[in-house]
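Heads up: the structure comes next, in structure tokens.
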Amino acid sequence: MENRLRATLRPVFTVLAVFLALFQVYTTGGIAIFDGTLQKVSHLSLVLALAFLWVPVRKFRKSGEPAYCVVMDIFLALLALGIGTYYFFNASAILERVRYVDPVTNADMLFGCIAVLLTMEVTRRTAGMPLVIVGACFMLYALFGQDIPGPFRHNGVTFDALVEQLFLGTDGLFGLPLAAASTMIYAFIMFGAFLERTGMSSLFIDLACLLTRNARGGPAKVAIFASALFGSISGSAPANVYGTGIFTIPLMKRVGYSAPFAGAVEACASTGGQPADHGRGGLHHGGSHRSGIYGGGQGGPSAFHPVLCLPLAHDPL
């Protein structure tokens, strides 16, 4: 049951969401040249604030969400916006500092810890505890790995150095995954939302249904072909799920597939369809960034990836 106080925050949420969409169009649509790190910081700050305003700390029973939880989420959302504000006002000092040479200030430590904790909390709310536990284990390993005997022992990392790595550099929170999420992934998720609201996404579904109308496991094959077609223009697995899953998952459930199986088929098909856009896919973007091979040199066989998902559609009802 939604708390009335949280319901009153919907206009604030809408304003922030529209501002995020306009900011993304402004910074990634070629309208303006914007510093990459500041763009990632702004994206993370706004997304964290939106998550705290929209996703409750946990699911509540019929009694509803207590008011103090909503007040706490408002405070956390303000802290999230404070991260971006701090980074903007100290951008020159942060971006021009010499890593591991210049000292980490107390303010850097404070906002760095806040950013990491807020990110982990939003991850817990949206993806569950396993991912949070994995991240926490790696951070603990960085801090206390020097006390572990055997081959996994390392020389140790100070707390200041860990915060510097996670918050002040481009290899932690503001690394390649966030770079992809704040540019191509967000852009194509927004594109998928536009297609869904205008009804254009049905074009991919109708074409996939035409291609698989006489095939066994037809609805599951629809998911695979639709994700391959949509992936050829999006290059993003999350955008594929949003653009095609809202149609294919209910379609599979209507003909008898279980909900977990339908979701698994769509997730795998969307991941397989991601590389179909070999020039912009997040997977190939990361591989190109690491290998230095760009364009068709790395993505030539990409269009065949979705075909590997076809055996998924042959599971019996």
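Just so you know, residue 1 is the first one in the sequence shown, and it goes up from there. This structure is a prediction, so every number in the text was calculated from the model and none was measured.
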Next item on the list: Output, in order, the C-alpha distance, side-chain angles, deciding distance and verdict of side chain to side chain contact (heavy atoms under 4.5 Å, CB included) for M139 and V116.
Entry: CA-CA 11 Å; M139 287 188 285; V116 172; 3.9 Å; yes

If we ignore hydrogens and angles and just use 3.5 Å, is the side chain of [X] paired with the main-chain N or O of [Y] as donor and acceptor?
X	Y	value
T126	V122	yes
Y257	I249	no
D35	L38	yes
K40	A179	no

So do the side chains of [X] and [Y] get within less than 4.5 Å of each other, counting heavy atoms only?
X	Y	answer
Y86	I94	yes
T170	T37	yes
V70	L9	yes
Y186	V47	no
L16	L46	yes
E164	R97	yes

Please find the pair of heavy atoms, one from [X] and one from [Y], that lie closest to each other, and give the distance.
X	Y	result
R125	D73	NH2-OD1, 2.8 Å
V104	D160	CG2-O, 4.0 Å
C69	V57	SG-CG1, 4.1 Å
A115	L173	CB-CD1, 3.8 Å
A49	A80	N-CB, 3.8 Å
V132	R124	CG2-N, 3.6 Å

Next item on the list: Begin with the C-alpha distance, continue with both residues' side-chain angles, and end with the deciding distance and a verdict on side chain to side chain contact (heavy atoms under 4.5 Å, CB included) for R99 and L168.
Entry: CA-CA 8 Å; R99 190 186 300 185; L168 298 178; over 6 Å; no

To the nearest 0.5 Å, what is the distance between [atom1] ([X]) and [atom2] ([Y])?
X	Y	atom1	atom2	value
L118	L79	CG	CG	6.0 Å
D108	D102	CG	CG	10.0 Å
T119	I114	OG1	CD1	11.5 Å
I83	S45	CD1	OG	6.0 Å
I148	H154	CD1	NE2	6.5 Å
Q146	Y141	CD	OH	10.0 Å

Notebook entry, point to check: Would you call the rings of F167 and Y87 parallel, tilted or perpendicular if under 30° counts as parallel and over 60° as perpendicular?
Noted result: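 Aromatic pair F167/Y87 classed perpendicular.
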
Starting from [Y], can I reach [X] by hopping between I/L/V/M/F/W/Y residues whose side chains sit under 4.5 Å apart?
X	Y	value
L44	L110	yes
L176	F138	no
F152	L140	no
V71	L81	yes
V12	I74	yes

Notebook entry, point to check: Of the options V163, L162, L166, which is the one that meets C113 in a side-chain contact (heavy atoms from CB on, under 4.5 Å)?
Noted result: V163

So with a 6.0 Å cut-off around [atom1] of [X], is the heavy-atom count from everything else above 12?
X	atom1	value
F88	CZ	yes
D147	CG	yes
F159	CZ	no
F75	CZ	no

Note to self: For F13, run the ring-ring contact (aromatic ring centres under 6.0 Å, His included) check against W54, F19, F52 and tell me which one passes.
What the structure shows: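 Exactly one candidate clears the test, W54.
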
Notebook entry, point to check: Hey, do the aromatic rings of H43 and F23 have their centres closer than 6.0 Å?
Noted result: no

Margin query: Ignoring hydrogens and geometry beyond distance, is a side-chain donor-acceptor pair present between S182 and Q39 at under 3.5 Å?
Written below: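 Per modelled atom types, S182 and Q39 side chains form a pair under 3.5 Å.
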
